[in-house]
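Written out below as structure tokens is the structure these notes cover.
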Amino acid sequence: MTEGSVRARIAPSPTGDPHVGTAYVALFNRTLARQTGGQFLLRIDDTDRSRYQASSEQKIFDALRWLGLDWDEGPDIGGPCAPYRQSERNAIYQQKVDQLLECGSAYRCFCSADTLAKAREQQKQDKMRPGYPGTCRDLDRVESSQRAAQEEPHVIRLRVPAEGETSFVDQIRGEIRVANSEIDDQVLIKSDGFPTYHLANVVDDIEFGITHVVRAEEWLISTPKHVLIYQALDHPLPRFFHVPLLRNADHSKISKRKNPVSLDWFREQGYLKEAILNFLALMGWSPPDEEEVFDLDRFQQEFNIEKISTGAPVFDLVKLDWINGMHIRRMEPQVLLQRLADEGFLPPAVSREDAATILPLVTERMVRLAEFSDRTDWYFADPIAPTSEQLIPKKGTQETSLCALEGASELFAAISPFEPAAIEAALAQLLDQHSLKKPQLFMPLRWALTSRQDSPDLIEVIAVLGKDRSIERIQRALEILVTAP
RNA sequence: GGCCCCAUCGUCUAGUCAGGUCUAGGACAUCAGGUUUUCAUCCUGAUAACAGGGGUUCGAAUCCCCUUGGGGUCACCA
């Protein structure tokens, strides 16, 4: 089904932040291309000048590259089919549309947008299917050319056959058939001279030699229009794969009102690119061996695009969190450290050595990279002092806490060298000597040293802080306890 | 509303195309235990689904039809 060399593409619109859906579709396209030794192209779909945002294009490049979804041909790196920005390809669309005009597959329409909007409203009121009324469909060709020559504003529309039906095979869903009477005479060229998505997409896919069109399901219903354009241009169809749309919890199409959708957001939160890709891959596809944590390489080995499921997956961050944690824990410590640094999650004043020391203590507790600083701030600077309430555990009293902290302070002072085994022995001795229960010793110490309820293993905390800082903080806690009411 | 797509645990899914091996498997989440100095990790277990109704068949989660539900789309946006 997918034999031969695949040329696949994505065509994001530079209209805002890089979207998670773009990454989702890019992942499938790129993987499919790579699997066959083919090419994955990036085309910028900037034909909508009103929604165009200049900064968006670079952000899309950056986000996709960050994810590791790099492309073989694109606006920034060029390629044999350049240019890869649709706004720079107008001459080609013009030429193709002339061809369509010539053979009668397209025609000029001089109706104003306003007129048409009113007509649509009327149709709705009359409970008719809203659509182009066909006013200019049979305009005399000579007259049409003359009006165009006099620069009368107009669009160019596709002449959809009134009878019959148009069908194609979607490789994921099977044959799709739509009655031509249901297909509107789609605008091909807008009055500003730019092509619509429908025309530009087909022309470019032909020009670029795209063999496999993998895109979101929202395009399924407009594919018959594209098929008609391919036919009018006398070009064979590529293979179509409409992958399910990512959903909000209420099952509506994923939107920024109900979900984080910006790839930048995920990066800022400290989600690993590996985890994002892994999670996205699991939306609609499942690995044959049930091992759900994997990297891009293995995905490329196992992925079969025809096995993508048809159901619409709810984009649920809870599982992403789990996957992210798994990838964090599976990463080599040096690699994780480097990543933390690269992604800007190491506090500015922190040395690489210090970070390397503390990182192993929090690795298994981190869900997202952004948590690093919060979970380790006690190590880099003295935290806000704990309160007396915090220093007295539920199972303890002021007595037991005083006893624990005083004892620890004394014993620690005598330890040399200050190493985990010796610290552990000292704590064991304290427990024994004063008949303290473990929480009665450990919790006051934990609060005294880290000012938090949940910390890494206490012995490691003490060892990493060192003798002086540990004793200092214990003393500080003792003062708080003594002066407590 | 018309058209198109879809329908297995709360969520992601396996199984559906080639009907029996499915008293429906896995993962996340949840709950209960275990390990344990907290949190987390890790380990064990539990709860939890074939939307409904008709067919076809010896036999249906799997095939067909209807209903219901959800979604998408009906722009000079992509």
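Below, chain A is the first sequence line, B the second, and so on; all start at residue 1. Scope of the values below: all heavy atoms of this structure, side chains included, with no hydrogens, waters or symmetry mates.
Residue-level contact check: A:Ser455 touches the bases, meaning some heavy atom is under 4.0 Å from a base atom. Within the nucleic acid shown, A:Leu245 comes within 4.0 Å of sugar-phosphate atoms alone, with no base atom in reach, counting heavy atoms only. At a threshold of 4.0 angstrom between heavy atoms, the contacts of A:Ser112 include nucleobase atoms, whether or not backbone atoms are also involved. At the heavy-atom level, A:Gly131 lies nowhere under 4.0 Å from the strands shown. Nucleic acid contact for A:Ser286: sugar-phosphate only, since backbone atoms but no base atoms lie under 4.0 Å from a heavy atom of the residue. A:Pro12 comes within contact range of no nucleotide atom at all, as no heavy-atom separation falls under 4.0 Å. Within 4.0 Å (heavy atoms only), A:Arg157 reaches sugar-phosphate atoms of the nucleic acid but no base atom. No contact: A:Lys127 has no heavy atom under 4.0 Å from any strand.
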Protein proximity profile, nucleotides 24-31 of chain B - base contact B, sugar-phosphate-only contact S, no contact -, cut-off 4.0 Å on heavy atoms: -BBBSS--
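At a cut-off of 3.5 angstrom, the base of B:C39 holds at least one donor-acceptor pair with the side chain of A:Arg365.
Note: A:Tyr107 and A:Tyr132 have tilted aromatic rings, judged against thresholds of 30 and 60 degrees for the angle between ring planes.
Going from atom CG of A:Leu280 over to atom P of B:U11 covers 19 Å, rounded to whole Å. A:Glu121 has its CD atom 15 Å from the C1' atom of B:C74, to the nearest Å. B:C12 atom P lies 6 Å from atom NE2 of A:His251, rounded to whole Å.
A donor-acceptor pair under 3.5 Å is absent between the side-chain atoms of A:Glu217 and the main chain of A:Val243, judged by distance alone.
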